[in-house]
Amino acid sequence: MAPIPRSWQRGSTRRHRRSRWETSRGQCSRPSRPAPRGGERAPRPLERGLSWASPFGRTSMIATAVRVRFAPSPTGYLHVGGARTALFNWLYARNQRGRFILRIEDTDQARSTEEACGAILRALEFLGLDWDEGPGAEGDHGPYLQSQRLPRYRQTLEALKASGRVYPCYCTPEELDARRELAVARGQMPGYDGRCRELSVSQRARLEAEGRAASWRLRAPTEGVTAWTDLVCGRREFQNALLSDRVLSRADGFPTYNFAAVVDDHEMAISHVLRGDDHVSNTPVQLLIYDACGWLPPKFGHLPMILGPDGKRLSKRHGATSVEEFETMGILPDALLNYLALLGWSPGVEGEEIYAREQLVRKFSLKRVASSPASFDYRKLDFINGEHIKRLPPQRRAALVRPRLQERGWQVDVAWRTPAGADAELYLDLVLRALGNRFNDLRRVLDQVAYFFTEDYPVDAAAVATDLGADEARARLARLADNLTAADDGVSVMPAAGFEKVARDTVAQLDVEASLLIHPCRVAVTGQLASARIFPVLELLGAPRVIARLRRAAGLG
RNA sequence: GGCCCCAUCGUCUAGUGGCCUAGGACGCUGCCCUCUCAAGGCAGAAACACGGGUUCGACUCCCGUUGGGGCUACCA
């Protein structure tokens, strides 16, 4: 087996403080954070006049610190796609010794909920993707909830109005929809038709007199191209003619996604935007907004999508999709991270694909991110999870099982005469050691150890029928029980070797194949066809229970 | 419909013009080990979507076809 990475020996290396979520509860909807020192920061003045003419006028050659962000909108649980995006950002930040920022994009008042926000934060905590700035970890660039940043968007909008880079649009959503449908029906482009772009002062006054509220649209260029070099897929470009004038500020005064994201990414000094492929077409729009504001855009990298096993977008009908579901399935956070990292990224070396999180951090590179979409493979996740479980140090494996055992009220009785006496901790440890590599699935382990802790353990009826159905088999078990009784002094712990000697002697007396005794014995004692090696199991069970179970199986008990 | 992207074993991928008789991982098959089951060891089946170019030479570069995906909002 490969050398065990330090993290598995040391236990958790998660950097985040366990208490963060507890202390950050409620941050999502209520700004209970202390007021920033010195009150509100002065708004950064908008640089007017050097935008289109000189979009890179403010380029600095000084390498800036890496600041990346994960910006979920709290409209549901954390999807594995989102988790993968968060992971890649986190890995990049940790690898580059940068900062990982968490920002909640809750400008959609109708769909955002506090529960969803809490669920997302909890899922990130479960995964151990700790954020340096964000809810519960206020930094210099907060607040980190968009709903608390409204004044900032308003300020930027005012500056844009002053520079003439936005114009009011009085079309209602209904009118827009109707015209869009018409355009599509005619085979034309569905984008905004520019109706309000060149309105005169008097026309605007008339529309406003009708009581129409204005949304504000970016006056975007109608020719040329908007291009960028994507960190993942290289040069990308879009025809400006295809990019219609987008709404930056809705009629209700709330910013749209593209506008809020740009303002926030700029004000939070984000250096790299790593997000899902589904955002590529937003990028030229955002680039235009940066330009209009006179800001230098960050670098962009678009991660390929995660598809279901059938190549369609991953959805619930494929199986689990939320981090929470994987947690209840018994998937370890590090295993999920390991698997997710391999979806769309490769370490570029052959052999083992099992990595502890700090190995991922060390190896991660944007250069090795794939540009093609990947299908989610639940079986490989299971394999990786099993490998992670197998590499856990004994105490941590015990910690995974213990609460579930306690939940069922299982305990250890000194009368069993096990090597652990009545020490439950030691007993669990010994049981898990006996199980060894067979313990690689949290969903199964409870059934695998049940017969050590209770008489009410699951029994495989088919196994009983085949292995204990014959009279000869039961007679052999009765003989074994008798011989064990004779060998047992009623006081001391019988070691595995002791059980084995009695069993071998019994086989010799009976003059049969050893397996003809051992297999029925296993079924009689564990209820299962498969278990850990039988003699250590018998030792852990203790002679009293072994003899009782044998007699019961033999029909004598 | 329009725009954009993607294309190597069933799946995740390595591969940046000759190292490729295409490598690894999961899964699958067989054998070994063996008290069962796992684990482990060994072996095996399994792919460059198709068609044109470019080149002395294409998995690698270009074009087209096909297939898949994304976007096309006063959602994010």
Side-chain angles (χ1 to χ4, degrees), chain A residues 1 71-75 105-108 110-112 146 169 171-173 176-177 180 183-192 213-217 230 233 236-239 242-244 246-258 260-261 276-282 284 302 304-305 307 309 311-313 339 342-354 368 370-384 386 390 435-441 448 463 467 500 503 513-519 521-523 526 528-535 537:
Chain A
M1 185 183 287
S73 56
T75 54
E105 306 213 326
D106 58 348
T107 53
D108 186 342
R111 295 198 303 151
S112 300
Q146 287 189 328
C169 172
C171 304
T172 65
L176 257 15
D177 283 346
R180 187 174 14 254
V184 171
R186 286 194 192 132
Q188 296 169 339
M189 287 197 340
Y192 181 61
S215 63
W216 290 83
R217 289 183 184 271
D230 197 277
C233 22
R236 294 256 196 164
E237 62 174 52
F238 285 80
Q239 299 289 327
L242 269 13
L243 270 23
S244 56
R246 312 299 277 256
V247 169
L248 301 192
S249 179
R250 301 182 243 192
D252 64 6
F254 274 74
T256 57
Y257 162 71
N258 280 310
D277 212 349
D278 48 341
H279 282 290
V280 263
S281 55
N282 284 322
H302 291 91
M305 307 249 69
L307 309 175
K312 305 289 182 196
R313 194 180 193 138
Y339 177 66
L342 259 18
L343 272 189
W345 171 81
S346 95
V349 293
E350 296 187 346
E352 280 271 5
E353 290 186 324
I354 308 301
R368 301 203 62 86
S371 55
S372 54
S375 290
F376 198 94
D377 184 352
Y378 290 92
R379 286 184 304 187
K380 186 153 184 176
L381 205 214
D382 263 330
F383 166 79
I384 288 177
K390 285 193 284 190
L435 230 44
N437 280 334
R438 295 171 188 78
F439 175 21
N440 58 11
D441 187 335
Q448 286 177 298
D467 280 73
E500 177 155 16
E513 296 262 341
S515 61
L516 287 176
L517 178 67
I518 287 174
H519 291 181
C521 174
R522 166 173 286 110
V523 174
T526 71
Q528 307 295 320
L529 231 33
S531 78
R533 297 183 65 81
I534 196 65
F535 299 118
V537 165

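Letters go in sequence order (proteins before strands), and every chain restarts at 1. Below, all heavy atoms of this structure are taken into account, side chains as well, without hydrogens, waters or symmetry copies.
The residue S215(A) sits close to a base: some heavy atom pair falls under 4.0 Å. Note on S531(A): a base of the nucleic acid sits closer than 4.0 angstrom, heavy atoms only. Here H279(A) lies in heavy-atom contact (under 4.0 Å) with a base. Among the atoms of the strands shown, none is found under 4.0 Å from any heavy atom of G348(A). Among the protein residues, A532(A) comes within range of the nucleic acid bases, having at least one heavy atom under 4.0 Å from a base atom. At the heavy-atom level, G344(A) lies under 4.0 Å from the strands shown only through sugar-phosphate atoms. When heavy atoms are screened at a 4.0 angstrom cut-off, A374(A) is found touching the sugar-phosphate backbone but no base atom. Within 4.0 Å (heavy atoms only), L435(A) reaches no atom of the nucleic acid at all. Among the atoms of the strands shown, base atoms are found under 4.0 Å from some heavy atom of P190(A). Using a 4.0 Å heavy-atom distance criterion, R186(A) is classed as making no nucleic acid contact. Contacts of L529(A) with the nucleic acid, taken as non-hydrogen atoms under 4.0 Å apart, include base atoms. Within the nucleic acid shown, L242(A) comes within 4.0 Å of sugar-phosphate atoms alone, with no base atom in reach, counting heavy atoms only.
With rC35(B), rA39(B), rC74(B) as the choices, the nucleotide that has an atom nearest any side-chain atom of F535(A) turns out to be rC35(B). For R438(A), counting side-chain heavy atoms from C-beta on, the closest listed nucleotide (rG15(B), rC37(B), rC26(B)) is rC37(B). Distances from the side chain of K380(A) to the nucleotides rC6(B), rC12(B), rG1(B) place rC12(B) closest. If you check rC6(B), rG27(B), rU13(B) against the side chain of S371(A), the one that comes closest is rC6(B). Side-chain proximity of E350(A) to rA39(B), rG24(B), rG69(B): nearest is rG24(B). Closest to the side chain of D377(A), out of rA76(B), rC3(B), rG10(B), is rG10(B). Set against rA14(B), rC6(B), rA76(B), the side chain of P373(A) has rC6(B) as its closest nucleotide. Side-chain atoms of L343(A) lie closest to rC12(B) of the nucleotides rC12(B), rC74(B), rA76(B). For F238(A), counting side-chain heavy atoms from C-beta on, the closest listed nucleotide (rC74(B), rC4(B), rA76(B)) is rC4(B).
Comparing the P positions of rG44(B) and rA22(B) gives a spacing of 14 Å, expressed to the nearest Å. As rounded to the nearest Å, rU8(B) and rC12(B) have C1' atoms that lie 12 Å from one another. Taking atom P on both rC50(B) and rA58(B), the two are 15 Å apart, rounded to the nearest angstrom. With C1' as the reference atom, rC59(B) and rU13(B) are 14 Å apart, rounded to whole Å. For rU60(B) and rC9(B), the P atoms lie 14 Å apart once the distance is rounded to whole Å. If you take atom C1' in rU34(B) and the same atom in rA47(B), they sit 36 Å apart, rounded to whole Å. When the C1' atom is compared between rU72(B) and rC56(B), the two are found 47 Å apart, to the nearest whole Å. Across rA39(B) and rA49(B), the matching P atoms stand 33 Å from one another, rounded to whole Å.
A close approach under 4.0 Å does not occur between any side-chain nitrogen or oxygen of S515(A) and OP1 or OP2 of rC35(B). The shortest distance between the side-chain N/O atoms of R533(A) and the OP1/OP2 oxygens of rU36(B) is not below 4.0 Å. Phosphate proximity of rC6(B) to R236(A): absent, as no side-chain N or O sits under 4.0 Å from OP1 or OP2. Between S346(A) and rA14(B), a side-chain N or O to OP1/OP2 separation shorter than 4.0 Å is present. Residue R246(A) places none of its side-chain N or O atoms closer than 4.0 Å to OP1 or OP2 of rC75(B).
Counting distance only, with no hydrogens placed and no angle test, the side-chain atoms of E353(A) and the base atoms of rG24(B) include a donor-acceptor pair under 3.5 Å. If you check distances only, the side chain of N282(A) does reach the base of rA76(B) with a donor-acceptor pair under 3.5 Å. The base of rC35(B) is paired with the side chain of R522(A) by a donor and an acceptor separated by under 3.5 Å.
Ranked by how close their nearest RNA chain B nucleotide is to the 5' end, T172(A) and A530(A) are led by A530(A). Each of C233(A) and L307(A) was matched to the nucleotide of RNA chain B holding its nearest heavy atom; the match closer to the 5' end belongs to C233(A).
Atoms CZ and NE2, from R236(A) and H302(A) in turn, are 7.0 Å apart once rounded to the nearest 0.5 Å. We find the CD1-CD1 distance between I354(A) and I384(A) to be 5.0 Å, quoted to the nearest 0.5 Å.
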* To do: Could you check D177(A) against R180(A) for salt bridge (Lys or Arg N to Asp or Glu O under 4.0 Å), going step by step and ending with a plain yes or no?
  => CA-CA 5 Å; D177(A) 283 346; R180(A) 187 174 14 254; 2.8 Å; yes

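Applying the Watson-Crick and G-U wobble criteria (two distances, each under 3.5 Å), rC56(B) pairs with rG18(B).
Y339(A) has its ring centre less than 6.0 Å from the ring centre of F376(A).
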